[in-house]
2 protein chains.
Amino acid sequence: MTPAKPRKNPGDLQLAILDHIWQHREATVAAVHRALWDERQLAPTTIATMLTKMEKRGLVTHRTEGRTYIYRALVERTEVCFDMVTDVVDRAFEGRAADMVSMLLREGEFDPDELDSLRSLLAERLAQRDTGDTGAAADDPEGES
Amino acid sequence: MTPAKPRKNPGDLQLAILDHIWQHREATVAAVHRALWDERQLAPTTIATMLTKMEKRGLVTHRTEGRTYIYRALVERTEVCFDMVTDVVDRAFEGRAADMVSMLLREGEFDPDELDSLRSLLAERLAQRDTGDTGAAADDPEGES
DNA sequence: TGATTAGTACTACCTAGGTAGTATTCGACT
DNA sequence: AGTCGAATACTACCTAGGTAGTACTAATCA
């Protein structure tokens, strides 16, 4: 059969690199290398190679300053995180986000204050449901007419 | 550096195969092949090869009946799903399950009744928090004499 | 009994992430 | 100007998922 749909989600190292770039808006190979040194002792070329692959993949881009590449993300953190979550929801819960939240709520670890904020959030969703408000047009009070 | 920790999570095809086995408790290559035919037209050998790899990986095992292998899962669905979720929580949310639930609650799709049951679940967690009950010893009312 | 068929084994590729060595080049410093 | 170091390019492997062809074997059926 066909070569299986291209998995969009970045791997571990890619995520770690993106994480640094997201935090600093821009980063050089050397900077990423230094930043990741405590976690994993990688050769600088490993970072460079991976950044090249990530650029080919559309995750980052770069500009040149002298002969140094300065990388910048082309994807946003929330976007990538959401994609990863969506992927698991689709693959492990048949697309039912509620099922995943259920599992998390049942088996996950939560601080008391985290539970509180989740309650607020859920209350918001429930309020939207009860008023028929989707929240999508919240900044457009006079939508129709 | 070292060859990067072995990712435990099964791939797409592996999940699809496991799904069938979970549903039927046991399955032959032919059965899985037929079951997946509508979704993806794969050669029977593809299923067989993958099942062999999955067995090597400890996801399934088999017994022999005649010359036919009858596969059985060695991992449970909830276990695998939980691992997949945990993986994303760790990788994308620094281990904070609440952050992922927040994102889901904010951006996910939920049916009204799903929201209700989530509310109940959250209420349970909140109740446990307020009574100091972990839920682990719920069937042992007289815990500390 | 011989041919067909069903089933597994073996082998072979491809892709993508991950890891790193070697080569080349450009800029800076002495 | 010549050397040294930093930075990228190129190449090479390894692993794992995914996909499938070919070979071998055993059961069944005419």
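The chains referred to below are lettered A, B, ... by the order of the sequence lines, with proteins before strands, and numbering in each begins at 1. Atom set for the values below is all heavy atoms of this structure, side chains included, hydrogens, waters and symmetry mates excluded.
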S.K.: Can you figure out which of D/dA7, C/dT8, D/dG18 approaches the side chain of A/Ala30 most closely?
M.R.: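 Selected nucleotide: D/dA7.
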S.K.: Answer with base, sugar-phosphate or nothing: what part of the nucleic acid does A/Thr46 contact at a heavy-atom distance below 4.0 Å?
M.R.: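 Contact class for A/Thr46: base.
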S.K.: Going by heavy atoms in the side chains, are B/Val89 and B/Arg96 under 4.5 Å from each other?
M.R.: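 Counting from C-beta outward, B/Val89 and B/Arg96 never come under 4.5 Å.
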S.K.: Starting from C1' on C/dG18, measure out to CD1 on A/Ile17 and report it in whole angstrom.
M.R.: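 Those two atoms, CD1 and C1', are 10 Å apart.
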S.K.: Are A/Arg57 and C/dG17 close enough that a side-chain N or O sits under 4.0 Å from OP1 or OP2?
M.R.: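 Indeed, a polar side-chain atom of A/Arg57 lies that close.
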S.K.: Specify the separation, in whole Å, of atom CE of A/Met50 and atom C1' of D/dT15.
M.R.: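 Rounded to the whole Å, the gap is 13 Å.
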S.K.: Can you find a pair of side-chain heavy atoms, one from A/Leu74 and one from A/Leu59, that are under 4.5 Å apart?
M.R.: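 In short, these two side chains do not touch, never coming nearer than 4.5 Å.
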S.K.: Given atom CD1 of A/Ile47 and atom C1' of D/dA6, what is their separation to the nearest angstrom?
M.R.: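 Distance check: A/Ile47 CD1 to D/dA6 C1' gives 16 Å.
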S.K.: Taking CG from A/Leu51 and P from C/dG18, how many angstroms apart are they, rounded to a whole number?
M.R.: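 Taking CG of A/Leu51 and P of C/dG18, I get 12 Å after rounding.
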S.K.: May I have the distance from A/Leu18 (atom CG) to C/dG17 (atom C1'), rounded to whole angstrom?
M.R.: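 Taking CG of A/Leu18 and C1' of C/dG17, I get 13 Å after rounding.
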S.K.: Would you compute the distance between atom CZ of A/Arg125 and atom CG of B/Leu118 and round it to the nearest 0.5 angstrom?
M.R.: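 Taking CZ in A/Arg125 and CG in B/Leu118, the distance rounds to 10.0 Å.
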S.K.: How about B/Met50 and B/Ile47: do any of their side-chain heavy atoms sit closer than 4.5 Å?
M.R.: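 No - every pair of side-chain heavy atoms lies 4.5 Å or more apart.
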S.K.: What nucleotide, of C/dT19, D/dT19, D/dT8, holds the atom closest to the side chain of B/Arg40?
M.R.: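 Of C/dT19, D/dT19, D/dT8, D/dT19 is nearest to the side chain of B/Arg40.
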S.K.: Collect all protein-nucleotide pairs involving nucleotides 9-13 of chain C in which both atoms are nitrogen or oxygen and the distance is under 3.5 Å.
M.R.:
unit_1, atom_1, unit_2, atom_2, d
C/dA9, OP1, B/Tyr69, OH, 2.6

S.K.: Given that B/Val29 and A/Gly66 both sit by DNA chain C, which one's nearest nucleotide is further toward the 5' end?
M.R.: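 Counting from the 5' end, the first nearest nucleotide belongs to B/Val29.
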S.K.: In whole Å, I'd like the distance from the CG atom of B/Leu59 to the P atom of D/dG18.
M.R.: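 So the two atoms are 11 Å apart, to the nearest Å.
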S.K.: Do A/Val80 and A/Met84 have side-chain heavy atoms sitting under 4.5 Å apart?
M.R.: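 In contact.
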S.K.: Just the rounded figure in Å: distance from C1' of D/dA27 to CD of B/Glu65.
M.R.: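 It is 14 Å, rounded to the nearest whole Å.
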S.K.: Calculate the interatomic distance between B/Asp12 atom CG and C/dA16 atom P; express it in whole Å.
M.R.: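 The distance from CG of B/Asp12 to P of C/dA16 comes to 14 Å, rounded to the nearest Å.
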S.K.: With a 4.5 Å limit on heavy-atom distance, are the side chains of B/Met100 and B/Val85 in contact?
M.R.: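 Yes; the side chains approach each other to less than 4.5 Å.
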S.K.: Hey, is the side chain of A/Arg67 poking within less than 4.0 Å of OP1 or OP2 on C/dT24, counting only N and O atoms?
M.R.: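 It does not, given that no N or O in the side chain of A/Arg67 lies less than 4.0 Å from OP1 or OP2 of C/dT24.
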S.K.: Atom OH in B/Tyr69, atom CZ in B/Arg63: separation rounded to 0.5 Å?
M.R.: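 One gets 13.5 Å once the value is rounded to the nearest 0.5 Å.
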